[in-house]
Amino acid sequence: MNRFSLLDRGAFLVTMILCCLGVVFIHSATRASTLDANLWIKQMIWVCLGMLAYLVLSQFDYKKLVTHANVFYIAGIISLALVLLYGDRINGARSWFRLPFMSVQPSEFMKIATVLMIAKYFSRFQERQSSLLEFLVSSILIGIPFFLIILQPDMGTALVYVPFFVIPNFLVGNKESIWVTVAGSMLVVILILGVVFKPDWVFFLKDYQKNRIVSFIYPDRDTSNTGYQVHQSKISIGQGGLLGKGLGKGQQTQMGFLPAQHNDFILAVASEEVGFVGVALVFALFLVLFMRAFTTALEASDAMGSILVMLVIGTLFTQTLFNAAMLIGLVPTTGIPFPLLSYGGSSLLTSLSLLGLIQSVRTHRFVNH
Amino acid sequence: MRLAPTPLAFQGRIFFLRWVVIFSFLMVLGGYYRIQILNQERYEELGESYRIKKRRIKATRGLIYDRAERLVTQNMPTYDLLLRRDEMEEPWRRLKPRIAEFLEAEEETLQRKYDNRSHLLSQPVTLIENISFSESMRIRRNIMRYPGLAIETTEKRHYTYGRLFPHVLGYVSEASKEALRKNPRLRLGDVVGKSGIELAYDQLLTGTDGERTIVADHRGVYHSSEITTAPQPGGDVVLTLDFELQKLAFETLEGRTGSVVMMDVKTGEVLVYVSSPTFDLNMFTEGLSQEQWQELLKRPGNPLLNRPLQGAYAPGSVFKVVTALSALQNGKITPNTTYFCNGEYKLHNHVFHCHKRGGHGHVDVSRALQGSCNVYFYNVARDLDIEQLAKTAHELGLGETTGIDLIGEKSGLVPTPRWKKQRSGKIWYPGETLSVSIGQGSLQTTPLQLLSMMSTVASEGQVIQPHLLLKSRLNETVVPNEGRKKHISTMEREYFRLVKQALWRVVNKEQGTGSRAQVPGFDVCGKTGTAQLITFSSEAEHKIDKYKNAWFAGFAPRDEAEVAIVVLVEHAGAGGAKAAPIAKILLEAYQARKNKKVDPT
């Protein structure tokens, strides 16, 4: 039967609006550039492809996808291994396959496979809670792609895998395993402090990664390198004021002071050109999107569907919030795109697919039809 | 169709996470609110500081002319290689090796220049100075590959007659750290006057810098560039000096150590100001190395000493003019008082000699000046109180600065018992008064002071301040310098007349010691001096040089005097033989010029 009638039209509309806003901002961010002036057209194509994936997935029964999660997962792991061996190095990280017409970032698509895999693993906890041992097993499932991505090294993408460790455990874990999660989180905090105060002890991070963390803690120490990006980003955002300078009129954006304008810093472009009102609108749209998703999680027909939706919320929420916080210097600078708005095919396709999965849970929320 | 029969066990936890999401969004939005709404102005300013660059436009330094508007300084274009830190695209540590290769320069040399940078990012670092034109063109061709590097055309002072005027013109060089701290308008590398006219009129010559405002994108590509404040060029200085007379005096001295100063008695305009030996001023503007500086300091004759202004000498017999006036004014002698000179004078057990072995016989004050009789003045000094003599000396401008418009003038020394007490704790001996009365002892005068004194005698009591600035020109506005400090001496005019007549005889009578300064038809008056060269190495020990300093101080003509002159030739011997002829040549030239002006055919 036709399940399009069951689609969450509100969420769909909001998703479309956000994608379109992304195209508008990308156009504004790149119009002054000779090299990148056509990126907004490329992004439009990606939006179309992404929406197609969104709609297809929304009609597809997520339970069938989850059943075959192993296949996606193993394929994903292999692609991550291959990209480490044969990938192209961009900005110091070996994260990309450069194909003739596009570059593919396997770590993005791996998110989908991981979400499905974790959902599959936790689907058995319909009635009972998971134990610490089961939490550790799930951590290994997530840990494999997680560390392969860290090896690239791509901290930004690795970061959005962190919710995968935490969320299912928080939802179905017993007290014991929840405490272990808390302890693990504290360990990460200690690690960050270690980088700042005893950088020599943290041997597994690259110097520039340590520098980024340090420059976050002390933004005034060095304005010429990593701190410079946040510095310029804050200037862009600050100049926007309430209503912004107007599209195409942001001086920070148009004169190129803002780094990576169409990628990770797209929200700063929006901030400068459409002001606080524009940022608040983007935030509101995302909040609507997430609220609709929470409703879907609550109404899901089974634990598998609910956990699936919560994993998607977790990763997209982390990405959204971390990027937004990074632009105003609340958290360290890592390569992390803003969902739906930032330029990039792999990221956009993944985000829209993940949102499509939520719709799949929604359209299949009824039992016994 | 229906929803699942039993709600999920973990619904509560989902609700909790929903609140986490809502609160997190609100918190980050709060962060945006703080930056965009509360601190908008601050970020607007910060943004401008990156986009809008202010570039200073140096004002041209004013020029210096002689009294006939002959240019004696010039501004030559030179090329400097700058590093504009606000236009750099890569960090210095990466840029340094690249530009070192490009410029074929040592990395350490560049680093030293870079270390000397200002804390202000907008201030460029001068990496290489004085690049030749051809080299600057070579650099310009490839400079775009090194964002931040720029060639700037600047002006360098060039002195057309560098060796002729070094002491009076002075030189310019980079402002010291202290000067930078005192004057906030100065920037690192700015050139300021360090001595002479360049220092005295630095403010007038410097002008006011302008500003260019540039709007540039992150690569430094200009979107607009306009002069927001036009620079005000520095004012010109026209000196009272006469280039031709100056040159003549310099050539007549032939490199001998000494000084020639000449001044218009009526106006105080200094026509000649020569200190010898000299050095080339252009050495300083081209950047003096440490070795060159050491060499200059060690050169014989101390060329850096500004003799008219700072050289302190015993005036010798020239001072007898002062002793005569003091004795007359204080009633110790009359114009008719005579003493007998047999060639020596005894005071207690010490014998003081006259320079003329056989003695001058019976002499009055006029003949005593004419023949420069020491014994006559010893007799005068016996009756004259040293305090009275010192008072007269001060009244005639000795022991005090003349107030000439140069910086660093020495006031010389007119000794008194109180001065000696303070200095060494010893009492004053009558013999010392004798020494001072003939211009020896602790007495120290500068050539400018003697010039001022002669000028006062020449004009019969009119004290005038010597000056070097004839007029200044700033933005087409000419400000003439009237001279200052014109006052009349309290001494009787008839005594000045008497002394003037005696000084005329010095030059124009056969027995006169200054006859070699005679200029027919010009009535030159003057006094010679042959001073023992006494330098204070310590108070106890006076080291007597085997040579003597030759003086001639005079004026012309006797009536309606126009010009005063002082000539000093160090270690030369008798003033009448060595200094007077130089005065003659200059006075002759002055007279010839004057006659030419009166009769242009």
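Sequence lines set the chain letters: A, B, ... in the order given, protein chains first and strands last, and positions in each chain run from 1. Treat the numbers as computed from the prediction; the structure is a model and nothing was measured.
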Side-chain donor-acceptor pair present, A:Glu134, A:Ser131, cut-off under 3.5 Å: yes
Aromatic ring pairing B:Phe25/A:Phe286, orientation class (parallel under 30°, perpendicular over 60°, tilted between): parallel
Residue among A:Met291, A:Gln129, A:Met310, A:Gln239 with most heavy-atom pairs under 4.5 Å to chain B: A:Gln239
Per-residue contact mode, A:Phe317 against chain B (heavy atom under 4.5 angstrom): side chain
Structural part of B:Ile22 lying under 4.5 Å from a heavy atom of chain A: both
Side chain / backbone / both / neither for B:Tyr33 at chain A, heavy atoms under 4.5 Å: both
Side chain, backbone, both or neither of B:Ile37 within contact of chain A (heavy atoms, under 4.5 Å): side chain
Top contributor to chain A interface from B:Val21, B:Leu46, B:Asn39 [non-hydrogen pairs under 4.5 Å]: B:Val21
B:Arg138 NZ/CZ over B:Phe102 ring centroid, <6.0 Å and within 45° of normal: yes
Flag for B:Ser225-B:Arg212: side-chain donor and acceptor within less than 3.5 Å: yes
Largest heavy-atom contact set with chain B, pairs under 4.5 Å, which of A:Ser271, A:Ala297, A:Ala284: A:Ser271
Contact origin within B:Leu38 toward chain A - heavy atom pairs under 4.5 Å: neither
Residue among B:Asn130, B:Thr78, B:Thr126 satisfying side-chain hydrogen bond (donor to acceptor under 3.5 Å, both in side chains) with B:Thr154: B:Thr78
Heavy-atom contact with chain B under 4.5 Å, split by part of A:Ser236: neither
Toward chain B, the part of A:Leu267 with a non-hydrogen atom under 4.5 Å: side chain
Aromatic plane relationship, B:Tyr79 with B:Phe133 - under 30° parallel, 30 to 60° tilted, over 60° perpendicular: tilted
Under 3.5 Å side-chain donor-acceptor pair for A:Gln252 and A:Gln232: yes
Within 45° cone and under 6.0 Å: A:Arg124 NZ/CZ vs A:Phe122 ring: no
Atom group of A:Phe276 that falls short of 4.5 Å from chain B, counting heavy atoms: both
